[in-house]
Amino acid sequence: ESGGSLTINGNFEPSTGLITNYGTVTINGNMNMNAGSFYNSTPSSILTLAPTFTYTINNAASKLVNDGTMTIDNFIIKASSVGSLCLGSYSCLTTKDFTNNQTNGVSGGGAGFCGGTIVYTGKAYLNNAVASESTVRICEGASASVDQAWMLPNWSSVTLTSNCAGCGSV
């Protein structure tokens, strides 16, 4: 329902299907996508995980499409699928720690498309190239750092802004 809200108290682990958010979803637990997909479907859609919890994309069949705003303390892409996270126009994902284990795990829609932004304020763990598109924007908070500096090229083709205050800063 457009403008509706849903609060889930506890871990949320959908294993099939598509969940579409047109309002506000708050999860007071971890969210593990094992084969299902989640669409944060409109510019006004909001997904929030309570502090200290983690959103993990575990499976190649899982997708997260963000066209709105997401606030998640720890975000992990484990899946073996290109574009496991798709950032829509002007979308914003704010996270403390960001982990990418999949080559080109983030998609911004391709050339000429205004992709979304990932803001991280803690650590980035880049075990593979994040994206092959410059439409994916990364905003590094003032105290953010990349674990193992030799991995820095794994930002790949993203547009990277350091000492960034938030999505509106890039």
Side-chain angles (χ1 to χ4, degrees), residues 8 12 14 19-33 36-58 62-79 81-102 104-110 113-147 154-170:
I8 299 169
F12 185 54
I19 299 156
T20 304
N21 175 29
Y22 294 100
T24 300
V25 173
T26 302
I27 300 173
N28 296 312
N30 295 309
M31 187 166 178
N32 296 303
M33 298 304 290
S37 294
F38 187 93
Y39 284 24
N40 210 32
S41 223
T42 70
S44 60
S45 297
I46 299 169
L47 170 65
T48 303
L49 267 64
T52 73
F53 291 107
T54 301
Y55 188 114
T56 305
I57 301 174
N58 284 317
S62 296
K63 298 284 184 215
L64 171 59
V65 177
N66 184 29
D67 284 322
T69 301
M70 298 188 312
T71 304
I72 299 166
D73 246 19
N74 301 295
F75 188 84
I76 301 171
I77 299 174
K78 286 185 179 178
S81 177
V82 171
S84 295
L85 168 61
C86 180
L87 299 171
S89 294
Y90 308 105
S91 65
C92 183
L93 164 60
T94 300
T95 186
K96 185 180 101 192
D97 295 328
F98 173 77
T99 302
N100 181 58
N101 292 326
Q102 172 55 40
N104 299 324
V106 180
S107 169
F113 181 83
C114 187
T117 302
I118 298 172
V119 177
Y120 83 100
T121 59
K123 283 249 191 223
Y125 302 90
L126 307 176
N127 300 314
N128 279 294
V130 172
S132 63
E133 305 159 357
S134 62
T135 55
V136 173
R137 296 182 302 254
I138 303 294
C139 169
E140 289 182 312
S143 60
S145 63
V146 176
D147 188 59
N154 277 339
W155 281 124
S156 191
S157 298
V158 304
T159 300
L160 181 64
T161 303
S162 297
N163 296 315
C164 185
C167 285
S169 301
V170 291

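FYI, side chains are in, hydrogens and waters are out, and symmetry mates aren't considered; it's all heavy atoms of this structure. All residue numbers refer to positions in the sequence shown, counting from 1.
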Using modelled atom types only, decide if a donor and an acceptor are shared between the side chain of [X] and the backbone of [Y] within a distance under 3.5 Å.
{"X": "Asp147", "Y": "Tyr125", "result": "no"}
{"X": "Ser45", "Y": "Gly68", "result": "no"}
{"X": "Asn101", "Y": "Lys78", "result": "no"}
{"X": "Asn28", "Y": "Ala50", "result": "no"}
{"X": "Asn154", "Y": "Leu126", "result": "yes"}
{"X": "Thr159", "Y": "Ser134", "result": "yes"}
{"X": "Ser62", "Y": "Gly36", "result": "yes"}
{"X": "Thr95", "Y": "Ile72", "result": "yes"}

So which atom in [X] and which in [Y] form the shortest heavy-atom distance, rounded to 0.1 Å?
{"X": "Ser132", "Y": "Ser156", "value": "CA-OG, 4.4 Å"}
{"X": "Gly23", "Y": "Asn21", "value": "N-OD1, 2.8 Å"}
{"X": "Val25", "Y": "Ile27", "value": "CG1-CG1, 4.0 Å"}
{"X": "Pro14", "Y": "Met33", "value": "CG-SD, 3.6 Å"}
{"X": "Asp97", "Y": "Lys123", "value": "OD1-N, 2.8 Å"}
{"X": "Ser107", "Y": "Val136", "value": "C-CG2, 3.8 Å"}

So, taking the atom named [atom1] in [X] and the one named [atom2] in [Y], what distance separates them when rounded to the nearest 0.5 Å?
{"X": "Thr20", "Y": "Asn40", "atom1": "OG1", "atom2": "CG", "answer": "10.0 Å"}
{"X": "Leu49", "Y": "Asp73", "atom1": "CG", "atom2": "CG", "answer": "8.5 Å"}
{"X": "Asn32", "Y": "Phe12", "atom1": "CG", "atom2": "CZ", "answer": "11.0 Å"}
{"X": "Ile118", "Y": "Ser91", "atom1": "CD1", "atom2": "OG", "answer": "8.5 Å"}
{"X": "Met31", "Y": "Ile19", "atom1": "CE", "atom2": "CD1", "answer": "5.0 Å"}
{"X": "Leu64", "Y": "Leu85", "atom1": "CG", "atom2": "CG", "answer": "5.0 Å"}

**Request:** Walk me through it: do Glu140 and Val146 pass the test side-chain contact (heavy atoms from CB on, under 4.5 Å)?
**Result:** CA-CA 9 Å; Glu140 289 182 312; Val146 176; 4.0 Å; yes
**Asked** Only one of Ile77, Asn100, Asn104 forms a side chain to side chain contact (heavy atoms under 4.5 Å, CB included) with Asn128, so which one is it?
**Response** Asn100
**Item:** Option among Leu93, Thr94, Ile138 that satisfies the side chain to side chain contact (heavy atoms under 4.5 Å, CB included) test with Tyr120
**Value:** Ile138
**Steps toward side-chain contact (heavy atoms from CB on, under 4.5 Å) verdict (Ile76, Thr54)** = CA-CA 7 Å; Ile76 301 171; Thr54 301; 3.7 Å; yes
**Message:** For the pair Cys167/Cys139, is the SG to SG distance below 2.5 Å?
**Reply:** no
**Message:** Parallel, tilted or perpendicular, judged at 30° and 60°: which one describes the rings of Trp155 and Phe98?
**Reply:** parallel
**Item:** Pair Thr42, Ser44: side-chain N/O donor-acceptor within cut-off below 3.5 Å
**Value:**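 Note: Thr42 and Ser44 side chains meet the donor-acceptor criterion.
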**Asked** Do Cys92 and Val119 pass the side-chain contact (heavy atoms from CB on, under 4.5 Å) test, and can you show the C-alpha distance, the side-chain angles, and the key distance before you say yes or no?
**Response** CA-CA 7 Å; Cys92 183; Val119 177; 4.2 Å; yes
